[in-house]
Protein chains: 2
Amino acid sequence: MTKRKTLIDVATAAGVSKMTASRALRGDRDVSAASKERVIKAAKEIGYFGNNLAASLSSERSDIIGVVVPSLTNIVFPQAMSGVSDALVGTGLQPAFGVTDYDLDREYEVVGRMLSWRPAGMIVTGVDQSAPTRQLLSEAGIPIVQIMDSDGDAIDSIVGFSHRAAGTEMAQALLKKGRQRFGYIGCNLQSDLRAGRRRQGFEDALRQSGLNFEASLTRECLSSVGDGRALTQQILTENPDLDCIYYSNDDVAFGGLCYCLHSGMGVPDRVALSGFNGLGILQGFPGLIATSTTLRRDIGHAAADIIVGSLKAAKRASQTIIMQPQTLLGALDETP
Amino acid sequence: MTKRKTLIDVATAAGVSKMTASRALRGDRDVSAASKERVIKAAKEIGYFGNNLAASLSSERSDIIGVVVPSLTNIVFPQAMSGVSDALVGTGLQPAFGVTDYDLDREYEVVGRMLSWRPAGMIVTGVDQSAPTRQLLSEAGIPIVQIMDSDGDAIDSIVGFSHRAAGTEMAQALLKKGRQRFGYIGCNLQSDLRAGRRRQGFEDALRQSGLNFEASLTRECLSSVGDGRALTQQILTENPDLDCIYYSNDDVAFGGLCYCLHSGMGVPDRVALSGFNGLGILQGFPGLIATSTTLRRDIGHAAADIIVGSLKAAKRASQTIIMQPQTLLGALDETP
DNA sequence: GTGAAAGCGCTAACAT
DNA sequence: ATGTTAGCGCTTTCAC
């Protein structure tokens, strides 16, 4: 391959100095229209595209917004990322995504590596970072936004909601509809601390009514429709009297619904199913699963907006935006 | 915020020169154990983490592997990204993801921006890049891998399969099972060129048997379970005689299955449904939907491996790896 | 409006 | 095993 083109090549081709070329390319207005045009034309002709490395090193800031998520296989995180990505279009900022696999040490490493690219801001998932990670972030001197969870201490800004409260609210709604014999099915609870907090919130409400889960089945797998189906068969075989099952999320709950439909068990009359997130998959059988709808895209979008805003602003202010899920009972709502 | 720590701060704290500190931190073995230890300790104490910008600018290479996908909301792309991410763990390389929204101009911009970070390699989705994008990539002088599709010209390496062949194979399998009256339902065909090629391959096989789609419904929406349900209701109402429906993918097909189950239409006896990808969602009703299983994670993993290998190798060789989908008929297979 | 000089923080190449 | 020198490609600053 031939040597990469540099600013000097463009400047030479356009017959101006390096500096004028730089200014023209970046849209600085202190350049004559004529020079500007020639530079841009020259750049295009010789196939020049800049070197962000040098630009950022020199200007001591980059256009990157680091976004750290625990998983790509759980669709809610790509959806949040999508919101970030959309919000950044046209701002000149660019998202860079990192994955931690729900591992706090990996998170530390991923965050450290990202910071060493001197991003303009960082978005991280949840509030359960390890102390060293929190320190890294808070000392970085850039806007930090934690997303998806508000049940913990903020490093800087937060856009999310209380999983605990969401669990409590769902339990209260189900109790109000007369459900009394509850089961729980969860996947990946070891690592997914937010799912654990929903369960806790749910249990709190049950206890307040003098109840508790009569059965609980958890498995360390990525939550999936197939697992939900299998676990539901097991829990209902072992506990045929359950009239309501709370799941760690909608994927698992939907698998449960598939089992019930297959085996002719009435949903929600005979047994009510309740998941979390309000995923699109629920539209396969509208209203049959109760859920808490979460605004993943909006959360990602709002987080990115906070960063964009705080880069423009003279002084930074931490914000906390709560986008509490809405509890949707679906068909259950039509029963008294 | 206090000024960021640099290598010089570490070197001073450890009582060595900048260069020794640099070597120690990067694990160069030409450093005495004593110095190495002191430097690493000093770095930790003063909270130093390097500046990749400067490091990469100086060494003229970065540890980034750029990965460009069309969408984050279609789960197959995050799954492929996940494979890339896994393959890169422990290599010292880091993935950086970009999203194009199926827009060729956006793709050009995203690729250009990524290249200006001087990545060590690039992974892009599909083979339908615009000419300028192809030129950008081929002149970058780094290993390029196109993934998910082999129905087109390679820029460098390819890991994918023929969507056209997958469509043909599915049609042949369904014809063999005696299906004769075909319908087609697709989402997002304008942008999803690969789905279009599957449809074409399917049609080719039908024509060879003197058949064609008797009905076709397409809608420019992100493919979803809800859309699949609605479109299936429509197509079966308008064309009650169809005995097989081919969908642009599994999400849409699953929505169709939900409609059929809901309305008591026998699947696959009365109408066979066929999707694409072998998504986990199908495990809700195992075997009811025929599908072509694609190895998204493996494809991402293999693509990353090619790049890792070619960075190590003295001379680069382009590779083409075909991971052709497997046609799974499920319950249809048990009919004669 | 344009240019020349200096330097961002690091690493490669060459000393020692 | 360690240090010195030069420079990566750009932007900032300050001349003109």
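By convention in this document, chain letters (A, B, ...) are assigned in the order of the sequence lines, proteins followed by strands, and residues within each chain are numbered from 1.
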Asks: Who pairs with Asp156(A) by side-chain hydrogen bond (donor to acceptor under 3.5 Å, both in side chains), at least two apart in sequence or on another chain?
Replies: Ser318(A)

Asks: For DNA chain D, determine which residues of residues 18-27 of chain B have any heavy atom closer than 4.0 angstrom to one of its atoms, and list them numerically.
Replies: Met19(B), Thr20(B), Arg23(B)

Asks: Without decimals, in angstroms, what is the distance between Leu57(B) CG and dA12(C) P?
Replies: 12 Å

Asks: At 10 degrees resolution, what angle do the end axes of the helix from dG1(C)-dC16(D) to dT16(C)-dA1(D) form when each is taken over five base pairs?
Replies: 30°

Asks: What is the nucleic acid contact for Arg61(B), judged by heavy atoms within less than 4.0 Å: base, sugar-phosphate only, or nothing?
Replies: sugar-phosphate

Asks: Applying side-chain hydrogen bond (donor to acceptor under 3.5 Å, both in side chains), name anything that partners Asn51(A), two or more places apart in sequence or on another chain.
Replies: none

Asks: Could you note down all residue pairs passing salt bridge (Lys or Arg N to Asp or Glu O under 4.0 Å) where residues 62-79 of chain A supplies at least one of them, sequence neighbours left out?
Replies: none

Asks: According to ring pair (Phe, Tyr, Trp, His ring centres under 6.0 Å), who are the partners of Phe97(B), at least two apart in sequence or on a separate chain?
Replies: none

Asks: Tell me which residues in residues 29-45 of chain B put a heavy atom below 4.0 Å from DNA chain C, sorted by number, or none.
Replies: none

Asks: Which residues pass the side-chain contact (heavy atoms from CB on, under 4.5 Å) test with Arg26(B), not counting sequence neighbours?
Replies: Met19(B), Ser22(B), Arg23(B)

Asks: My understanding is that only residues two or more places apart in sequence, or in another chain, count here; which of them pass side-chain contact (heavy atoms from CB on, under 4.5 Å) with Asp305(A)?
Replies: Ala87(A), His301(A)

Asks: Output the rounded distance in Å from CG (Leu7(A)) to C1' (dT12(D)).
Replies: 14 Å

Asks: Could you name each residue pair satisfying side-chain hydrogen bond (donor to acceptor under 3.5 Å, both in side chains) that touches residues 89-103 of chain B, not counting sequence neighbours?
Replies: none

Asks: side-chain hydrogen bond (donor to acceptor under 3.5 Å, both in side chains) with Asp192(A): which residues, sequence neighbours excluded?
Replies: none

Asks: For residues 68-87 of chain B, pull every pair meeting side-chain hydrogen bond (donor to acceptor under 3.5 Å, both in side chains), keeping only residues two or more places apart or in separate chains.
Replies: Ser71(B)-Thr73(B), Gln79(B)-Arg296(B), Ser82(B)-Arg297(B), Asp86(B)-Arg297(B)

Asks: Measure the distance from CH2 on Trp117(B) to P on dG9(D) and round it to the nearest whole Å.
Replies: 16 Å

